[in-house]
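For reference, the structure discussed in these notes is given below.
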Amino acid sequence: MDLLPIELVRIVYQYCDLPTVTALRLASRKFADIGYDYLLLDHFAVVEWRDDVQRLHSIARHDRLLGKPRSLVFHLAKVDVGRAQETTSLHQWLRRREGHDFIQEGWSRYHKLEERATLVAPLHTRQSMLEATLKRLPNLEVVDINFTKNPYGIDLFDQVFSYHHCRKQDRLRASKDLDAILSALPHARLQSLSIDQVPLELFRHPDARQRWFDCAQTFAGLSRLDLVLDIPRQMGPASRSRAINGLGRVLQSANNVTHLRLAFHTYHAPAEKFELSFRALFAGDFTYKRLTDLKLEGISCSEEDLKSFLLRHSPTLERLRLGGRGLAKPLELSIGGIHLHNGRWRSLFTGLKEKLTALQRFHLEGDIESGDAYTRTREVWDFLPVVSDDWNTVHQEDGFEGWYKKSASRCKENFDSLGLERFLISGGPWPMFIKYGNTSAYPSPYSSPGQSGSSSPVDSPSPTSSGTFSSFGSPAPSV
């Protein structure tokens, strides 16, 4: 076996899992030496029930392994046991597939992991070790800090963490853990940073916001930034203004990003939107010179403010997403939309028509509203997802359509955004949208005339008994 070319041995190792790699390294000195590079994956995960910080520190001190980690994920989510048990029991009763043993086994494994977690020091007490570790990881490019995803590797908990009320909210612990990680980031050369639940009040407290400001050099090197802000239950006007000022300073330090996602989630009132001024956030007319992908979610703003912000990025902006899932539960309609507290959506899109010169894709999702609740000119709409966050086509699951027809709100018009995408990119007349429930297939905005499915609700409206047409921008039905 020692006569095999090194290139061939490497190909063999590429198809091996970790136990096989370990066994294969015992075959000879040559195989042991080559196999060193396959003992670790490029992706390293840190969980609280295992001493992964110490493991990572040991890797950073190993001359041959320190260059291996390229992606680092901190799984910091905690479960609300009472609510999670109610949810899992209800799901199994509805599905009647795995049964009682499946639930018992999942919870038994969870309690064992939590017992192990008590033997590991909390992450925020390992700050100095984290700093020393990240200093010695030369190829680390991606850091993902999440508080919303299943950290236990238990199938039962995948459904639990999809419900926001089943996730335990410990803002103080989350703030401490974030502070510890942020203190180590100035020593890393990152390209991507993602945090899926950042307490907004961190940008108000002097010490906490200073840790973010100390990372300015790291943020300047980012090409991708994904921040989801967690809005506290109570925040006075002065505290809110200071927090927005601190957040804006951090966002401006990431002046080289090509991909930016900015979302605001209000856990105590999931359908609420956070009132935001882009002019206040960016202290004027700040512009990202390289921005190609932008997603905004869960905000309330004015038409002119949003239009000005988007037009400033028209030379580079290729993909734009307004709205998203928000804190919607599985099988619920998306509630991470955008509200215009001043202005109208039709006016906004007409003003943007063919002016976003680099735009290739556009997507609108969630509860889209404008105007005051007590005026006849109020717009209230629900836009369904057509593509995922990575722009792959969304296929509705079996049974979803029937459920949707029964549960959709009667006060709202329900559409997809394909017509608007075509309107913004190619121009033409204002689109006529098909309400959800029409049996005809949704056309692609890029289909050629004569192709199957190329007809559109704009060009050839033909309402059926299961679907009707409406002009987006007309007054909503009375509630």
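All heavy atoms count here, side chains included; hydrogens, waters and symmetry mates do not. Please read all numbers here as calculations on a predicted model, not as lab measurements.
- Remark: H75 engages A45, V47, V73, N146, P151 in a side-chain contact (heavy atoms from CB on, under 4.5 Å) (not counting sequence neighbours).
- Few gaps surround CD on Q54; more than 12 heavy atoms of other groups in view lie less than 6.0 Å from it.
- Minimum interatomic distance between T125 and A121 (heavy atoms only, all atoms of both residues): OG1-CB, 3.6 Å.
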Donor-acceptor pairs under 3.5 angstrom involving side-chain atoms of residues 246-254: please list them, not counting sequence neighbours.
from : atom 1 : to   : atom 2 : distance (Å)
Q252 : NE2    : G248 : O      : 3.3
S253 : OG     : V250 : O      : 2.5

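- Taking 4.0 Å as the cut-off between side-chain N and carboxylate O, R261 and D196 do not count as a salt-bridged pair.
- In this structure S162 satisfies the side-chain contact (heavy atoms from CB on, under 4.5 Å) test together with P330, sequence neighbours excluded.
- Using a 4.0 Å cut-off between charged nitrogen and carboxylate oxygen, K273 and E275 do not count as a salt-bridge pair.
- Remark: R204 engages no residue in a salt bridge (charged side-chain N to carboxylate O under 4.0 Å, His left out) (not counting sequence neighbours).
- With sequence neighbours excluded, the residues that form a side-chain hydrogen bond (donor to acceptor under 3.5 Å, both in side chains) with S388 are D390.
- The salt bridge (charged side-chain N to carboxylate O under 4.0 Å, His left out) check on E304 picks up K307, with sequence neighbours excluded.
- A salt bridge links E421 with R361: the distance from a Lys NZ or Arg NE/NH1/NH2 to an Asp or Glu carboxylate oxygen falls below 4.0 Å.
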For residues 171-185, dump all side-chain donor-acceptor pairs below 3.5 Å to protein atoms at least two apart in sequence or in another chain.
from : atom 1 : to   : atom 2 : distance (Å)
R171 : NE     : E201 : OE2    : 2.8
R171 : NH1    : D230 : OD1    : 3.3
R171 : NH1    : D230 : OD2    : 2.9
R171 : NH2    : E201 : OE1    : 2.8
R171 : NH2    : E201 : OE2    : 3.2
R171 : NH2    : D230 : O      : 3.2
R173 : NH2    : E48  : OE2    : 3.2
S175 : OG     : R171 : O      : 2.8
D177 : OD1    : H124 : N      : 3.3
D177 : OD1    : H124 : ND1    : 3.4
D179 : OD2    : R211 : NH1    : 3.3
S183 : OG     : Q127 : NE2    : 3.4
S183 : OG     : D179 : O      : 2.8

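- Note on residues 283-294: pairs passing side chain to side chain donor-acceptor pair (under 3.5 Å), not counting sequence neighbours, are H259-D293, R279-D285, D293-R319.
- By the side-chain hydrogen bond (donor to acceptor under 3.5 Å, both in side chains) test, R50 is found to be paired with D52, residues two or more places apart in sequence or in another chain being considered.
- For R321, the salt bridge (charged side-chain N to carboxylate O under 4.0 Å, His left out) criterion is met by E365, D389, not counting sequence neighbours.
- Every side-chain contact (heavy atoms from CB on, under 4.5 Å) that N245 has, sequence neighbours left out, goes to R209.
- Applying the side-chain contact (heavy atoms from CB on, under 4.5 Å) rule to I154 yields the partners R109, Y110, L113, Y152, L156, F157; only residues at least two apart in sequence or on another chain are considered.
- Less than 6.0 angstrom separates the ring centroid of F349 from the ring centroid of F362.
- Below 30°, between 30° and 60°, or above 60°: for F309 and F278 the angle between ring planes is below 30°, a parallel geometry.
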